[in-house]
Every structure is written in C-alpha cells, then in structure tokens.
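These figures come from a predicted structure and were not determined experimentally.
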Amino acid sequence: MSFNYLENEYDVIVVGGGHAGCEAVLACAKLGMKVLLCTLDVKNIALQPCNPAIGGPAKSTLVREIDALGGVMGLAADATYLQMKVLNSSKGPAVRALRAQSDKVEYSNFMRNLIESNPNIYLKQCCITELIAENNEITGAIDEFGVKYKTRAVVLTTGTSLEGRIFVGLKSFSAGRLGEKAAIGLSDSLHKLGIETKKLKTGTPARVDKRTIDYSKMTIQPGDSELSFFSFQPNRPIRKTYPCYLTRTNELTHKIIRENLDKSPMYQGLIHGVGPRYCPSIEDKVVRFDQNPSHHIFIEPEGLGTYETYIQGFSTSLPYDVQEKMLRTLPGLENAHMIKPAYAVEYDYVPALQTTHSLMSKKIKGLFFGGQINGTSGYEEAAAQGLVAGINAFNYINGSDMLELSRSSSYTGTLIDDLVTKDIQDPYRMLTSRSEYRLLLRQDNADERLTPIGHKIGLIDDVQFERFNKKQELINSQKTRLENLKITPSEKTNEILAKYSEHIDRGIRASELLKRPNINYKVIEEIDADTKELNISKDVYEQIEIIIKYDGYLKRQQMQVEQGSKLEKFKIPEGIDYYKIDHISSETKDKLSKIRPKDLAQASRIGGIKPADISILMVLLDRHQIR
C-alpha cells in the first residue's frame, strides 16, 4: 500500500499512545484529519500497565459515554474480555457498574489494529521533546532526533512518561513505566511556553507466575453468567470467561511492612509527588488503617497467552526482596514466583486549571491535553479526556464550536469541569459521589444522553444513529404500554406475586406494580404472556424498569438541573479585570483571575468562592455593569 503525503506535515499530532492518545488519534482520523501518532514504543499502544480491567464504579459510565460519542474503548473491552461482572447489582441504578477483566495483550492488539488500519493515521516511535508556537499558536513539534513536524494542533497524552522516575525501594531510575524510557525534554519546552508543571505519583503491584499460585486457598470470584457489554453496538462477541480470586493480607504481612518502612521512598521523602487517594499503596493502607487486621487482595489473570497474574491491592514501592517476603505471607502465594516487581512512578503533569473546558490551553491555541497529564488516574478517565481533546482539535482547525460537555449531561462533563475548576492536589479518580446528578447520569442511558451529540460531530454514522432512534422509540412505546396495561387479580397472578410481594385484590396497572421494591420486568413477563412474547432485550427492559420505578426521583433531579442552569445563563465576559470589581473579597478576585470561569455556575464551583460574592456578581451581570 502506498501513501501520498507531504513529509512531516500533519493536521494534528498526538503525543502518547495510551488510552487517551488512542481515542484522540482515532477521533481525529475518523473526522478526516491527517494525524501523526508519536509514541515511545509502538508495542505498548493502549497498554494496561496497571490492572488489566476496564470499568467499575463510575468508570463504566465513562466507557459507555465514550461509546455513545463514537469512541472505541467499549468496543475494545467487549472484544477482549476474560470476565464480565456487574458490580453493585443489588443496589440502585446510579451505582451499578459493569467491569471487564481484559486480556491485556489482545486489548492492545485490537486498538493497534484500529490505528494501523486507518489510512489517515501515521505512526512513529519517537519522543517529542519540543513544541513550536508562533504568536501563542501551535505550529509544530520536534522529536528526539531533531526531526521537525509542521502541524495545526497538538494533543498531549503523555501519561506517566513526562520526566518519569521509577522507584523500587531506595533505588530509582528514569522511566515512565517499567521497561519503557521516560519522555525527557518536553516539560522544559512547556515551561518556555509559560505552562506550569507539577509532580504526581502512582504505582502498580507485582506480577507473579500463575503456575506458582495455590488457588485452592483462595475464594473464587466468578463473572456473571448473563453477560452485559459496554458498547451500544450490536453483535458483541460471546467468549469463554475465567474467574478471579480473593485472598487477604494478615498480621505477618503487616509486620514485614512496618519493619521495612525505612526502606520506602515515600516515607524517606524521595518521592515528592502526591499519590492517588483512592488507590493507596499497601504500606500506606497498613499505616493509615492500622486498626484493620487484613486487607482484600484480588488475584487477576492478565491474559490467555501469559502466565503473568496481577495482584490487585498490593501496590508498593518497597525493595524487591521485601516484596517477595510480603507476597509469600498471603494465603495461596506461599511459593509465588515474582515475574515483575511492584514500583512507584513519579511524573510531571500539567494542572488543568490552565485549560478550558475544551481541554485546550488558555495560553497556547491549538495545544490540547488529555489523560494523566491533566492530573487524573485510570484508563477510563484518560480515554474520555482523549476523545474530547481529539474532537476539539478537529473543531479548532475547522473553526467550529468547541465540544464542552456540561455536568448535567455526563460524567465526562463532570470530570472535565472538576479538573478545570478545582485545584486538584492528588490523582483524580471518577466517583459516583462527584456528580450531583448521578441518578440521571447512569451507565444504562449514556446513549440516550450523548449519541445525538456523537452523530452531530460525525463520529456516529447514520446506520448506528437509526438503530439508536429505534431503540428510543421502543423504550417510549413499551413504557406507555406498561402504563396502560392492567393486571387483574387471579389465582395464578397472586401465586406469582407471593414469591416477591403482596397479592393484589383489585386491578392494577403494570407500571404501578413495577414500582414495588421486589418487582422487576421479569416478574411482569411471568404474569403477562403478551409481555413475554415481545421478547424485549435486557438493555431495553432495564431502562424501562428504571424510568418507571424511579420516576419521582428522576423528576426531582431534573428540577435540580433546571435550577442549576439558571446560573449558567449568566455568562462572564472574557478578559474581565476582577480586581476592578468592588464588594467581592480579595481571595475571590485571585481565584476568579486564575481560573477565569465562563459563567456563574462554574464560578460557584470554584473552591473558596463565597456565595455572597456570587450574588454580587449576579447582580452586576444582570444590570450589565460588568463588561
């Protein structure tokens, strides 16, 4: 196959081939851009350097949102799973979460094939060391070999590689991930452009040889027998599934950790970056939660073609020999052979206060950031940002309106709003509790919320959009049908109901029956033969059930959205000098000048901003006294 292109001239350059980079490059290419993907090692495209899994609480909603907008993470997860499991299935719909255990090699190969088969994408194994800007606009980049590239936009998705340094005990070396070099030089280039960087820290557990594990001493953790999927597209593959296992730390494990804290780079002050609050190292857990006699450790396969097994919950930066001793105190791992040690990695990131909701730099036009470089942790958070950054690189080049998702529309919008509004001090992880609208922003209705946007952008084709519209029509028609369907009392009906709820002595609408706590759509099918004959798919009937069962709560939250949107109507003019505004505090002036919110809603979410100051700004904006 021959390529006709102007050497070293591209519409967009994406720096980094992780989960953010893959979404960004594929979005740009699908939208017709000529894109260069620069990555440190082409073998590590879409690598899962930590746990080989996609989804989980809040993260599954992000994956569904990526799919609804036209991204690819959901497709890759569905094509390469070893296990599918819905977490919190007995709880409310706002916290239910699909999680896939992935074959990490298959996942990486799947994503690399998408990239290499796209004629608009050009792949290079190199390190970008310098960005070129003229009049505060991106015009090019330079790699480690001195090769110059001309471009109209750059998306930085450097993950943990930017000035990365790995620690195993008191020993350290330059690297972004174990076995992969760090990206050196680019931070200095960012500083010259007036962009600030800071340090964060993350880590990953050891990998052990599964042949040396005694699974009989552990608790089996099977997946679901009835499979669910991430992508809203049809014909998802049905694969053989495999279990994970559960073991626990014990007092001997904790004793070894306490005795060796003097060998931890964290406790010796060698690591200055702040680590993830919601995924601490095992030594951090033992110190912070010293009243806990043990901690859960999950044993997870990394793939069908490897013996490597992931020890989830056992992240550490203690020395190699100490790690081996710790591992062998765990039931089932007494004879474990460690293939790769755990390590901590400290790296540069760019605080996202310096970007807009489009993820473009406030100082350098055409420069976008996505993923861990913005201070986040997690593949899903990275992919969501990468997709938005890629879409907006296209929008910037074409002079189109930027895609800026609201908090009320998506977890992706919530994630980005938190990053660009709040001064994040530790790696940000998406949680259901971060969204004030989580009952509206569920994993099951991500397509309803975002597919029309994906279609308008051009990432959702007409065939998929027509399929989406038919699904929505089916949901609406069947909801109406259940609201009109009358269930009459009979011996058979009450015999069925006796297994789940109270009997009925008068006619009742199916929708009213469905609102009872222990009644679900399957019970209605059991009672009404016509409903069963319709053979409605699970993804449709679950949404119908949620809409009916939680109708009052959903309406109440929709009212909250409408109330919150009132502040969004108060747009703040660009370039405003807050220091010339009387009656608001100096602290508020400093924060508003630094973050420069686009409206009062965003201003109200900035940490430290007083409600009284928002009220003053509202009055001034309403009277057109701020220009």
Side-chain angles (χ1 to χ4, degrees), residues 57-58 60-61 64-65 68 85-98 224 226-229 232 408-411 432-433 435-451 468 471-489 493-562:
S60 64
T61 305
R64 290 269 178 89
E65 291 179 354
K85 191 178 185 71
V86 175
L87 309 178
N88 302 323
S89 57
S90 62
K91 297 182 179 179
V95 295
R96 292 173 197 161
L98 179 61
D224 292 341
E226 185 179 6
L227 296 176
S228 300
F229 296 95
F232 292 103
S408 59
S409 73
S410 59
Y411 272 21
T432 54
S433 59
S435 173
E436 60 271 46
Y437 307 124
R438 56 186 173 272
L439 188 54
L440 294 177
L441 310 180
R442 309 179 308 274
Q443 63 172 10
D444 64 273
N445 71 347
D447 58 339
E448 179 187 347
R449 293 182 280 113
L450 298 179
T451 300
F468 158 76
K471 177 185 172 183
Q472 296 308 120
E473 289 170 6
L474 181 60
I475 289 171
N476 292 329
S477 66
Q478 290 307 307
K479 174 179 173 290
T480 301
R481 179 181 171 276
L482 291 176
E483 288 171 341
N484 294 323
L485 175 64
K486 196 168 186 179
I487 305 293
T488 55
T493 296
N494 283 326
E495 187 178 322
I496 294 169
L497 285 176
K499 296 183 285 185
Y500 310 101
S501 181
E502 295 177 358
H503 72 280
I504 57 174
D505 52 18
R506 59 177 178 80
I508 184 173
R509 288 181 298 168
S511 58
E512 288 300 313
L513 194 58
L514 199 53
K515 289 181 179 181
R516 291 187 180 184
N518 296 322
I519 302 296
N520 57 30
Y521 187 86
K522 285 293 183 183
V523 177
I524 303 298
E525 281 190 333
E526 201 175 341
I527 292 171
D528 184 65
D530 291 341
T531 300
K532 189 169 187 177
E533 280 185 19
L534 291 170
N535 196 27
I536 303 295
S537 63
K538 182 181 178 183
D539 59 335
V540 171
Y541 75 65
E542 281 189 343
Q543 255 192 280
I544 296 169
E545 183 181 313
I546 290 168
I547 292 168
I548 291 175
K549 194 178 283 286
Y550 296 91
D551 178 60
Y553 296 101
L554 292 169
K555 286 178 179 175
R556 190 183 308 165
Q557 198 150 97
Q558 190 58 51
M559 288 175 61
Q560 292 174 342
V561 171
E562 291 166 5

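- Interatomic distance, CD of E448 versus CZ of R442, reported as 7.5 Å (0.5 Å rounding).
- One finds the OG1 atom of T493 at 5.5 Å from the CD1 atom of I504 (value rounded to the nearest 0.5 Å).
- Residues K515 and I548 share a closest heavy-atom pair of CE-O, 3.3 Å.
- Counting heavy atoms from C-beta on, the side chains of L440 and S408 never come closer than 4.5 Å.
- For L534 against Q478, the heavy-atom pair with the smallest separation is CD1-OE1, 3.2 Å.
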Donor-acceptor contacts, no H, no angles, side chain residues 479-487, under 3.5 Å, sequence neighbours left out:
unit_1 : atom_1 : unit_2 : atom_2 : d
K479   : NZ     : E483   : OE2    : 2.7
T480   : OG1    : N476   : O      : 3.0
R481   : NH1    : T531   : OG1    : 3.1
R481   : NH2    : D528   : OD2    : 3.3
R481   : NH2    : T531   : OG1    : 3.1
N484   : ND2    : T480   : O      : 3.2

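- In terms of modelled atom types and a separation under 3.5 Å, the side chain of N88 and the main chain of P57 share no donor-acceptor contact.
- A salt bridge links K499 and E526; the closest N-O separation between the charged side-chain nitrogens and carboxylate oxygens is under 4.0 Å.
- The shortest distance between side-chain heavy atoms of Q558 and E562 falls below 4.5 Å.
- With rounding to the nearest 0.5 angstrom, the OG1 atom of T432 is 5.5 Å from the CZ atom of R438.
- Take R449 and apply the side chain to side chain donor-acceptor pair (under 3.5 Å) test, not counting sequence neighbours, and it matches E65, N445.
- Taking CD of E545 as the reference point, atom OH of Y550 lies at 8.0 Å (rounded to 0.5 Å).
- Contact check for R96 versus I546: side-chain heavy atoms found under the 4.5 Å cut-off.
- Closest of all the heavy-atom pairs between D444 and F232 is O-CE2, 4.0 Å.
- For the atom pair CG of L87 and OG of S60, the computed distance is 8.0 Å after rounding to the nearest 0.5 Å.
- Listed here is the closest heavy atom pair of L441 and T61: O-CG2, 3.8 Å.
- When all heavy atoms of S477 and L474 are compared, the closest pair comes out as OG-O, 3.0 Å.
- Between the side chain of N520 and the backbone N or O of V523 there is at least one donor-acceptor pair closer than 3.5 Å.
- Side-chain N or O atoms of K549 include one that pairs as donor or acceptor with a backbone N or O of I519 at under 3.5 Å.
- Counted within 6.0 Å of OH on Y553, heavy atoms from surrounding residues, nucleotides or ligands total 12 or fewer; the atom is thus considered open.
- Rounding to the nearest 0.5 angstrom, the gap separating the CG atom in D447 from the CZ atom in F468 is 5.5 Å.
- Nearest heavy-atom pair across Y411 and A94 is OH-O, 4.2 Å.
- The number of heavy atoms from other shown groups lying within 6.0 Å of CD (E495) does not exceed 12.
- At least one side-chain heavy atom of Y521 sits under 4.5 Å from a side-chain heavy atom of I536.
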